[in-house]
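Shown next, in structure tokens, is the structure this report addresses.
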Amino acid sequence: MQEQIRQSYEVAKKLYAQHGIDTDRVLQELEKIKISVHCWQGDDVRGFLFQDQELTGGISVTGNYPGAARTPNELKADLEKAFSLIPGKHKVNLHAIYADTEEKPDLDELEPRHFQRWVDWAREQGLGLDFNPTCFSHEMSKDGLTLSHPDPAVRKFWIEHCKRSRKIGAYFGEQLGQTCVTNVWVPDGCKDTPADRMAPRKRLKDALDEVFAEELDPSHHLDAVESKLFGLGSEAYTVGSHEFYMGYGIQNNKLICLDAGHFHPTEVISNKLSSLALFTSGILLHVSRPMRWDSDHVVVMDDELLDIGRELVRSGLLGTTHIGLDFFDASINRVAAWVIGTRNTIKALLRAMLEPVDALRKAELDGDFTTRLALTEEFKSYPFGAVWDYCCERSGVPVREAWLAEVKAYEQDVLLKRNAANAAVL
């Protein structure tokens, strides 16, 4: 099998070389890309601080597949299994509710020490960490509002939480030598049309100004802000709309997060990248798969994922774009969901890097749209799969669907026993 993979790669290498594409160099560049893998797929966004708290903020997780992580150590073990099946070295994206500590701090009391075990683990695994304040599933998330709440006491609580989250993110970056992106998202909005759209946005702007008042070392830490179109319970009005955060981010030099599910059903984020990049120093992506709404399905290699990859490559944005995943599906094996989504994201980038971009640009500038279309279509059947197989083989991870057998074995040996233990306790 190994020899067959290498022979197929050599054939593919020669075919791509005819168009000036060096597959060896492409694979070297691909190895530099880090995908920020979201921890919340592993336990259905429950976290470890308030595990009995109802999930709020317009977020919903469906399904009851056995084996959800119940403790930090279980979640870390599941992530280790997933990363062992994914080529490259990547990052883990943590939410504040995933603190690994015997203490029971509230969100406005969190400190770096509550995440020290995550830092130690990430260092051992050769991983980076990103971070997010958790502005939902808490008693202070009142009336569907947090940073924009009219009650100063509520706003003060969430401002303090976000300030502390930035300090935690900066600590991650300093300790691990990999810049941490701390992304602020709040679910604030209204179920029905508000009488005053301006006042909540003014309160949100002022609150964010307080949150970001302290300058942090950009080599350790970068801030991001994330918009949303709507959520359950905030169907009519979202305070932090795309226009709000685009303006705020550009004015205050913050990364603007584009989430694939946070726009109108006919909008795609791939078409926004080249525009936003002209006016910002970087972009944060949350790669997801909305199905009719912001439903956060597992990422598949569909047209939009391929277009995201193409835009990042063709516009030269890989060096300034932070790529993260954001989906959660409790109807399938959670480890498999991580593997499928992450491998597909890397595949999409690889496919984009194997396209004859220079030839396509030249044909376009020459007005030769026939050649542009012909090359675009013919390259869809070029042996990208042979290059991907070789990428996996040389990275020491399973080739093609061989990873599924390892996940199934892990399910039998580890995940199902968690449910058995729960049943015994009950």
Side-chain angles (χ1 to χ4, degrees), residues 26-41 79 82-83 86-95 122 126-132 169 172-173 176 178-183 185 221-227 249 254-263 268-274 276-277 280-290 296-328 337-354 388 391 395:
V26 165
L27 290 177
Q28 289 173 2
E29 292 301 309
L30 188 69
E31 288 178 355
K32 299 176 184 177
I33 299 171
K34 294 180 181 292
I35 308 299
S36 190
V37 178
H38 55 310
C39 71
W40 49 92
Q41 165 59 49
L79 282 164
F83 281 123
I86 298 165
K89 281 291 184 182
H90 301 284
K91 302 175 81 176
V92 172
N93 197 6
L94 292 176
H95 247 284
L127 302 168
L129 292 175
D130 290 324
F131 200 59
N132 309 262
F172 288 169
L176 297 173
Q178 298 187 44
T179 305
C180 172
V181 177
T182 297
N183 180 48
W185 171 80
H221 178 269
L222 294 172
D223 295 303
V225 288
E226 179 181 1
S227 67
K254 305 301 179 188
L255 298 178
I256 297 169
C257 178
L258 299 179
D259 184 298
H262 287 191
F263 295 89
V268 290
I269 65 173
S270 57
N271 192 40
K272 302 179 186 298
L273 292 169
S274 57
L276 193 57
T280 63
S281 59
I283 297 171
L284 173 62
L285 292 186
H286 274 187
V287 183
S288 182
R289 179 169 54 109
D296 291 306
H297 285 68
V298 178
V299 171
V300 298
M301 202 159 62
D302 57 10
D303 289 344
E304 171 59 2
L305 183 64
L306 292 171
D307 280 341
I308 290 171
R310 289 189 184 103
E311 285 299 308
L312 292 175
V313 171
R314 295 180 183 183
S315 299
L317 299 179
L318 286 174
T320 56
T321 302
H322 305 266
I323 306 171
L325 305 180
D326 187 2
F327 54 78
F328 32 92
W338 272 323
V339 177
I340 293 167
T342 311
R343 283 173 66 117
N344 276 335
T345 303
I346 301 170
K347 283 182 191 177
L349 294 170
L350 175 60
R351 281 192 62 166
M353 296 165 80
L354 290 171
W388 170 250
C391 172
S395 298

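Since the structure is predicted, the reported quantities are computational estimates derived from the model, not experimental observations.
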Tell me every residue that passes salt bridge (charged side-chain N to carboxylate O under 4.0 Å, His left out) with D223, counting only those two or more places apart in sequence or in another chain. R166, K254

Taking salt bridge (charged side-chain N to carboxylate O under 4.0 Å, His left out) as the test, write out the residues that go with K272, two or more places apart.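 Applying salt bridge (charged side-chain N to carboxylate O under 4.0 Å, His left out) to K272 gives E267.
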
Nearest-0.5 Å distance that lies between atom [atom1] in [X] and atom [atom2] in [Y]:
X	Y	atom1	atom2	result
I33	T321	CD1	OG1	10.0 Å
H262	C257	NE2	SG	7.5 Å
E29	E31	CD	CD	9.5 Å
L350	R343	CG	CZ	12.0 Å
I35	L285	CD1	CG	9.5 Å
E304	R310	CD	CZ	10.5 Å

Do [X] and [Y] have side-chain heavy atoms sitting under 4.5 Å apart?
X	Y	value
C391	L30	yes
D303	V268	no
W388	I346	yes
L79	H90	no
I256	L284	no
L317	L273	yes
N132	W40	yes
V298	F328	no

For N183, is there any backbone N or O sitting under 3.5 Å from a side-chain donor or acceptor partner on E226?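 Not a single qualifying donor-acceptor pair exists.
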
Side chain to side chain contact (heavy atoms under 4.5 Å, CB included) between F83 and V92: does it pass, once the steps are laid out? CA-CA 10 Å; F83 281 123; V92 172; 3.6 Å; yes

Might you point out which heavy atoms bring [X] and [Y] nearest each other, and give the distance in Å?
X	Y	result
A122	L176	CB-CD1, 3.9 Å
A352	V313	CB-CG2, 3.6 Å
C180	G169	CB-O, 3.2 Å
G126	Q178	O-NE2, 4.1 Å
S270	E311	O-CG, 3.2 Å
V300	N344	CA-ND2, 3.5 Å

Any chance you could lay out the side chain to side chain contact (heavy atoms under 4.5 Å, CB included) test for I283 and L255, step after step, and finish with the verdict? CA-CA 5 Å; I283 297 171; L255 298 178; 5.9 Å; no

For a quick check under 3.5 Å, do D326 and S288 share a side-chain donor-acceptor pair by atom type?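 No, no side-chain donor-acceptor pair sits under 3.5 Å.
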
If we count only N and O atoms by modelled type, under 3.5 Å, do the side chains of W185 and D259 hold a donor and an acceptor together? no

F327: which of R289, H297, H38 passes side-chain contact (heavy atoms from CB on, under 4.5 Å):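 One option only clears the test, and that one is H38.
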
Would you find more than 12 non-hydrogen atoms of other residues, nucleotides or ligands less than 6.0 Å from D302 atom CG?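 Correct, the count exceeds 12.
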
Using the ring pair (Phe, Tyr, Trp, His ring centres under 6.0 Å) rule, take F131 and H221 through it: C-alpha gap first, then chi angles, then the decisive distance, then the call. CA-CA 10 Å; F131 200 59; H221 178 269; 9.3 Å; no

Under the side chain to side chain donor-acceptor pair (under 3.5 Å) test, residues paired with D130 that sit two or more places apart: S36, K91

From CA spacing to verdict: side chain to side chain contact (heavy atoms under 4.5 Å, CB included), L325, Q41: CA-CA 10 Å; L325 305 180; Q41 165 59 49; over 6 Å; no

Would I308 and T345 count as a side chain to side chain contact (heavy atoms under 4.5 Å, CB included) here? Give the steps. CA-CA 9 Å; I308 290 171; T345 303; over 6 Å; no

